[in-house]
Amino acid sequence: LKRVARYLVGAPRAEQVFHWQELPKNVTTCVDSDWAGDKGSRRSTTGMAVRRGRHLLRHSSTLQSVISLSSAEAELVAAVKTATEVPGVVQLANDWGQTVNGKIFVDSSAAIGVVNRRGNVRLRHVKAGMLWIQEKVQFRLRKVLGTEKPADLMTKFLGSDQIHAALTSMGIWCATGRAVIVPTLSAASAYLHDRWKDTHRPALCVVILEGHIMEVAVFGTRSDSGTR
């Protein structure tokens, strides 16, 4: 908790930036796992960051449902989970008329070795269900250095410089102070509250700033404050 508090003092606000870019042909997913990181259950954590070019589409950090007996198995479980979700992102892009390919990057040579062979060979403790990824040729794992993938942020305790590097690679920038539009939103919200608080009719209020919906509030008769 002390580490979290100290970090938030220096970086109280984060902004996700979507830079202008040409349409990339690939959806790249970086995946990582720790091994038995949860002290209570000894389950491992899977971290995933899905990007299209420089734009972050999705990220997650979840406990694995099984207890892995080795770091290689933990990385394999993380890769299999990712391989089941990447097709959904690819299909969604195809539904919008954009043809993209899915690529998965890991830093585990052992996991890549398991995927590139057939069967579990000597890995008797690996469940057969984990080996279906061997048949998915389009999702061959690709090697990436551990220091170059942002998924480490979801599974490991990193230093300040490493955190900022991972966030920057995902298009997230740390900022201080209040956002420029915050005073405007606060003033608008206060005005709407004063306008409708004494009425006996519920009201749906939408705050629009420069063509973007910034806040939605529902004011009713049972509460003095709006429900946002």
Side-chain angles (χ1 to χ4, degrees), residues 24-90 100-172:
K25 299 297 183 182
N26 299 311
V27 172
T28 60
T29 303
C30 294
V31 60
D32 185 53
S33 75
D34 63 357
W35 179 35
D38 186 80
K39 294 183 178 180
S41 63
R42 283 305 177 186
R43 290 188 293 171
S44 306
T45 301
T46 296
M48 178 177 59
V50 183
R51 296 178 295 179
R52 188 177 183 188
R54 301 171 65 187
H55 296 170
L56 177 66
L57 304 181
R58 183 170 182 263
H59 68 281
S60 65
S61 178
T62 58
L63 279 177
Q64 297 179 0
S65 59
V66 298
I67 298 177
S68 300
L69 300 181
S70 65
S71 59
E73 183 182 2
E75 293 280 0
L76 180 61
V77 172
V80 170
K81 176 179 174 58
T82 303
T84 61
E85 299 192 13
V86 170
V89 179
V90 173
V100 296
N101 300 313
K103 294 185 177 181
I104 301 175
F105 292 88
V106 300
D107 63 349
S108 173
S109 299
I112 295 176
V114 173
V115 173
N116 290 338
R117 67 175 66 133
R118 288 293 180 268
N120 59 0
V121 192
R122 296 183 180 179
L123 300 177
R124 302 290 182 180
H125 60 283
V126 175
K127 293 184 178 180
M130 296 291 104
L131 302 180
W132 74 270
I133 193 176
Q134 295 176 347
E135 304 295 332
K136 301 298 180 181
V137 180
Q138 68 271 33
F139 293 127
R140 289 300 184 191
L141 305 188
R142 292 167 171 81
K143 177 72 174 178
V144 65
L145 295 178
T147 56
E148 297 179 358
K149 69 180 194 308
D152 281 357
L153 184 63
M154 290 70 142
T155 60
K156 298 179 176 63
F157 294 101
L158 304 178
S160 178
D161 293 340
Q162 294 171 306
I163 291 176
H164 289 165
L167 291 175
T168 301
S169 68
M170 294 188 292
I172 300 176

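Listed here is the closest heavy atom pair of Leu56 and Ala49: CD1-CB, 4.3 Å. The two residues Gln64 and Ser33 make their nearest non-hydrogen contact at NE2-CB, 3.8 Å. Contact record, Ala111 with Leu76: CB-N, 4.1 Å, taken as the closest heavy-atom pair. Nearest heavy-atom pair, Thr155 versus Thr46, reported as atom, atom and distance to 0.1 Å: CG2-C, 4.1 Å. Between Val77 and Ser68, the closest heavy-atom pair is CG2-OG, 4.2 Å. Considering every non-hydrogen atom in both Ala78 and Asp32, the closest pair reads CB-O, 4.1 Å.
Using a 4.5 Å heavy-atom threshold, the side chains of Glu75 and Ile112 count as separate.
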Show me the donor-acceptor pairs within less than 3.5 Å that the side chains of residues 162-171 make with the rest of the protein, sequence neighbours left out.
| residue | atom | partner | partner atom | Å |
| --- | --- | --- | --- | --- |
| Gln162 | OE1 | Gly159 | N | 3.0 |
| Thr168 | OG1 | His164 | O | 2.7 |
| Ser169 | OG | Ala166 | O | 2.6 |

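Sequence neighbours left out, not one pair with a member in residues 41-57 passes salt bridge (charged side-chain N to carboxylate O under 4.0 Å, His left out). Sorted by first and then second residue, the ring pair (Phe, Tyr, Trp, His ring centres under 6.0 Å) pairs with a member in residues 42-74 read Phe18-His55; sequence neighbours excluded. Among residue pairs with one or both ends in residues 70-89, none qualify as ring pair (Phe, Tyr, Trp, His ring centres under 6.0 Å); sequence neighbours excluded. Listed by first and then second residue, the ring pair (Phe, Tyr, Trp, His ring centres under 6.0 Å) pairs that reach into residues 26-45 come to none, sequence neighbours excluded.
Looking at Leu63, Ile67, Thr45 one by one, the single match for side chain to side chain contact (heavy atoms under 4.5 Å, CB included) with Asp38 turns out to be Leu63.
Here Lys143 pairs with nothing under the salt bridge (charged side-chain N to carboxylate O under 4.0 Å, His left out) rule; sequence neighbours left out.
Atom CZ of Arg142 and atom OG1 of Thr29 lie 11.0 Å apart (nearest 0.5 Å). Atom NZ of Lys81 sits about 6.0 Å away from atom OG of Ser60, to the nearest 0.5 Å.
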